[in-house]
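The block underneath contains the structure these notes are about, expressed in structure tokens.
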Amino acid sequence: MSFFPANNYNLAATLASGQAFRWYPNVQGAWEGVIGREFLMLRQQPNGIEAHSSNANPNSSAIQHYLQTDIDIDAITATFPNDPPMQAAIAACRGLRLLRQDPWECLASFILSSTKQIVQIQQIVGALCECYGEEISMAAVCPCSNNSLRFAFPSAAKLASLSEPQLRSCKMGFRAPYLLKTARLISSGELDLESLRKMKTPEARETLCTLPGVGEKIANCVLLFAYGFQDAFPVDVWVQKAIRQLYFPKRKPSAKRLKHFVQTHFGPNAGYAQQYLFHYMRTQRL
DNA sequence: GACCAGGACCATT
DNA sequence: AATGGTCATGGT
């Protein structure tokens with residue numbers, strides 16, 4: 001067992017807010033999931049996160065980085081605009097963090113996300129891991145609330161070696177050719193996901209958008225959830241509903257006007273604010 | 001049984 | 001530039 005101190009960490013909101021798709025609550029109220037090649041059971045504690053790992057020697061720095069336990073979340077939410085909708089979202093999601101995920105897993109997962117509900121994305125990703133991911137060696141803990149958690153997320157090289165029908169067997173439908181082509185571009189080195197780290201947001205976004213199946217929305221998700229570009233602002237149907245319903249209740253803003261609004265209204269951590277709005281809308285059923 | 005889901009892409013206007 | 005249809009699958 002290891003412990004990661006954190007101030008004001010909301011584990012449930014963080015893991016269930018649709019940024020990552022491999023976390024499941026178990027019957028004891030802990031969260032089971034996979035980071036890299038490590039199966040983990042995480043439990044909320046008053047002053048941090050308790051972790052049980054499948055590894056004899058847990059990769060503590062990787063876990064802390066993924067969970068972002070060290071950041072000052074109150075300093076971030078303090079930069080959000082002081083308007084009623086945003087303050088309501090902060091109150092409803094207090095302690096919600098943005099994760100810092102592996103770029104490939106995040107990219108592949110969000111290619112599979114288009115016009116799918118979060119539960120279905122979890123099912124597709126789970127099937128993909130069970131079929132094509134490497135088995136995790138379970139030295140220390142015995143799961144599993146979900147069998148797919150016994151497998152790592154498949155590498156780009158592994159998926160690149162498959163056929164489109166093999167991918168379709170994981171129920172991803174028309175997204176299969178997108179994922180396959182992107183996996184081949186990544187594994188061939190034609191696009192280096194690490195090279196994005198030293199780019200500024202617009203250039204990194206344009207680079208991701210050259211990949212098949214990746215448009216502005218999915219690119220923004222990857223920039224925000226994997227790389228930590230906190231000005232990336234994904235607009236999906238929920239966030240669109242939040243903006244229109246909470247900020248423009250009467251008139252219907254054009255797409256252009258709406259885009260300008262989200263780029264100017266939410267401050268230096270706009271992407272973070274977006275995640276609060278997203279989770280707020282989904283949990284409050286507004 | 002409709003309706004919709006953390007969209008992208010291509011063909012029309 | 002801006003809409004509209006299409007893609008595959010399953011939850012609500």
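To find a chain, count down the sequence lines: A is the first, B the second, and so on, and within it residues start at 1.
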Reading 5' to 3' through nucleotides 5-10 of chain B, protein heavy-atom contacts under 4.0 Å coded B for base, S for sugar-phosphate only, - for none: BBBSS-

Leu96(A) side chain near Tyr272(A) side chain, heavy-atom distance below 4.5 Å: no

Length of the CG-P vector between Leu180(A) and dA8(C), whole Å: 16 Å

Any Gln44(A) side-chain heavy atom under 4.5 Å of Trp31(A) side chain: no

Tyr227(A) side chain near Arg197(A) side chain, heavy-atom distance below 4.5 Å: yes

Who pairs with dT13(B) - Watson-Crick or G-U, where each distance is under 3.5 Å: dA1(C)

Ion pair Lys259(A)/Glu216(A), N-O distance below 4.0 Å: yes

Partner nucleotide, any strand, of dG7(B) [Watson-Crick/G-U, under 3.5 Å]: dC7(C)

Base partner of dA2(B), which must satisfy Watson-Crick or wobble distances under 3.5 Å: dT12(C)

Same-atom distance (P) from dG6(B) to dT6(C), integer angstrom: 23 Å

Atom CD of Gln284(A) with >12 non-hydrogen neighbours under 6.0 angstrom: yes

Heavy-atom pair with the smallest gap, counting every atom of Ala92(A) and Tyr280(A): CB-CD1, 3.6 Å

